[in-house]
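Counting begins at 1 with the first residue of the sequence.
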Amino acid sequence: MLDIKQIQEIIPHRHPFLLVDYIEDYKPGEYAIGYKCVTFREDFFAGHFPGQPVMPGVLTVEALAQVGAVAILSQEDNKGKTAYFGGINKCKFRGMVKPGDKLKLETKIIRQMGPLGVGEAVASVDGKKVVSAELTFVVGE
């Protein structure tokens, strides 16, 4: 398990854009499983949407990418580097994420060739899939 400080040693994201609270399990270069405990105090809820707060789907995709970045950047050869988005494919939004939800974030690395790679990602709340996507990344300095 990785706490927030250990996550920050691996990926460069910081508040307010760090969207992972802890990593439950991971294997460098293969997969990571993390969580975001969504609170009403998230900055984005002020405008998305007043009176009907919903976490923007693109931020859920970003949270999945950050979990995938933990898997990639924890590899010895990638320590101290940054993982950038290269693409988002097959993305499906299947449910809403609201204040009080515990968002489970799972990203499995399915292909990696040099600095390029692809992750299969699924976000869920209470066992219900809310987002799935195929995320392409590029590791750079």
For a 4.5 angstrom cut-off between non-hydrogen side-chain atoms, does Leu73 reach Lys81?
yes
Output for pair (Ile10 CD1, Ile72 CD1), nearest 0.5 Å, gives 12.0 Å
| task | Evaluate side-chain contact (heavy atoms from CB on, under 4.5 Å) for Leu2 paired with Tyr26, printing each intermediate quantity in order. | result | CA-CA 9 Å; Leu2 301 175; Tyr26 75 108; 3.6 Å; yes
Please lay out, stage by stage, how Gln112 and Gln75 fare under the test side chain to side chain donor-acceptor pair (under 3.5 Å).
-> CA-CA 12 Å; Gln112 190 174 0; Gln75 289 180 281; 3.3 Å; yes
Value for CD (Glu9) from CG (Asp3), rounded to nearest 0.5 Å, stands at 8.0 Å
Could you walk me through whether Leu18 and His15 pass side-chain contact (heavy atoms from CB on, under 4.5 Å), step by step?
CA-CA 5 Å; Leu18 179 58; His15 179 80; 5.7 Å; no
Should Val61 and Phe85 be marked as a side-chain contact (heavy atoms from CB on, under 4.5 Å) after you check the CA-CA gap, both sets of side-chain angles, and the distance that decides it? CA-CA 11 Å; Val61 173; Phe85 257 126; 4.0 Å; yes
Any Phe137 side-chain heavy atom under 4.5 Å of Val139 side chain: yes
| field | Within-4.5 Å side-chain heavy-atom neighbours: Thr136 and Ile88 | value | no
Around atom CG of Asp126, are there more than 12 heavy atoms of other residues, nucleotides or ligands at under 6.0 Å? no
Closest non-hydrogen atoms of Val54 and Phe45, given as atom of the first, atom of the second and distance, are C-CE2, 3.4 Å
Whether the side chain of Thr107 engages the backbone of Leu64 through a donor-acceptor N/O pair (distance < 3.5 Å, no angle test) should be reported. yes
message = For a salt bridge (charged side-chain N to carboxylate O under 4.0 Å, His left out) check, start with the C-alpha distance between Lys108 and Glu120, then their side-chain angles and the critical distance, and finish with the verdict.
response = CA-CA 5 Å; Lys108 178 182 175 186; Glu120 216 170 59; 5.3 Å; no
With a 4.5 Å cut-off on side-chain heavy-atom distances among I, L, V, M, F, W and Y, is there a chain of contacts connecting Tyr84 to Leu59? no
Closest non-hydrogen atoms of Lys90 and Glu134, given as atom of the first, atom of the second and distance, are NZ-OE1, 3.6 Å
Here the gap from Tyr22 atom OH to Leu105 atom CG, rounded to the nearest 0.5 Å, amounts to 10.0 Å
Please tell me whether Ile110 and Val138 are part of a single hydrophobic cluster in this structure, the criterion being side-chain heavy atoms less than 4.5 Å apart.
no
In this structure, CD1 of Ile7 is separated from OG of Ser74 (nearest 0.5 Å) by 11.5 Å
request  = Carefully, step by step, assess Leu103 and Met55 under the rule side-chain contact (heavy atoms from CB on, under 4.5 Å).
outcome  = CA-CA 11 Å; Leu103 186 60; Met55 184 173 177; 4.1 Å; yes
Minimal heavy-atom distance between Asp101 and Met96, with the atoms involved, is OD2-O, 4.0 Å
State, with a plain yes or no, whether a side-chain heavy atom of Arg94 is found less than 4.5 Å away from one of Ser132.
yes
Of all heavy-atom pairs linking Gly29 and Ile109, the shortest is O-CB, 3.6 Å
Taken to the nearest 0.5 Å, the spacing of Glu24 CD from Glu106 CD works out to 8.5 Å
Looking only at heavy atoms, the pair that brings Val67 and Ile33 closest together is CG1-N, 4.1 Å
Q. Hey, does Val70 have a side-chain heavy atom less than 4.5 Å from the side chain of Ile11?
A. yes
### Query
Under 4.5 Å between any side-chain heavy atoms of Val125 and Val38, yes or no?
no
- Query: Does Phe17 reach the side chain of Gln66, with side-chain heavy atoms less than 4.5 Å apart?
  - Reply: yes
Value for NZ (Lys98) from CD (Glu42), rounded to nearest 0.5 Å, stands at 15.5 Å
Q.
Please check: side-chain N/O of Asp21 versus main-chain N/O of Cys37, any donor-acceptor pairing under 3.5 Å?
A. yes
Inset, instruction - For atom CZ of Arg41, decide whether the heavy atoms of other residues, nucleotides or ligands shown that lie under 6.0 angstrom number more than 12. - result: no
Closest non-hydrogen atoms of Phe93 and Val131, given as atom of the first, atom of the second and distance, are CD2-CG2, 3.7 Å
Any side-chain heavy-atom pair from Lys129 and Val122 closer than 4.5 angstrom? yes
Practice item. Check the hydrophobic clustering (I, L, V, M, F, W, Y; side-chain heavy atoms under 4.5 Å; chains of links allowed) and say if Val20 and Ile4 are grouped together. Key: yes
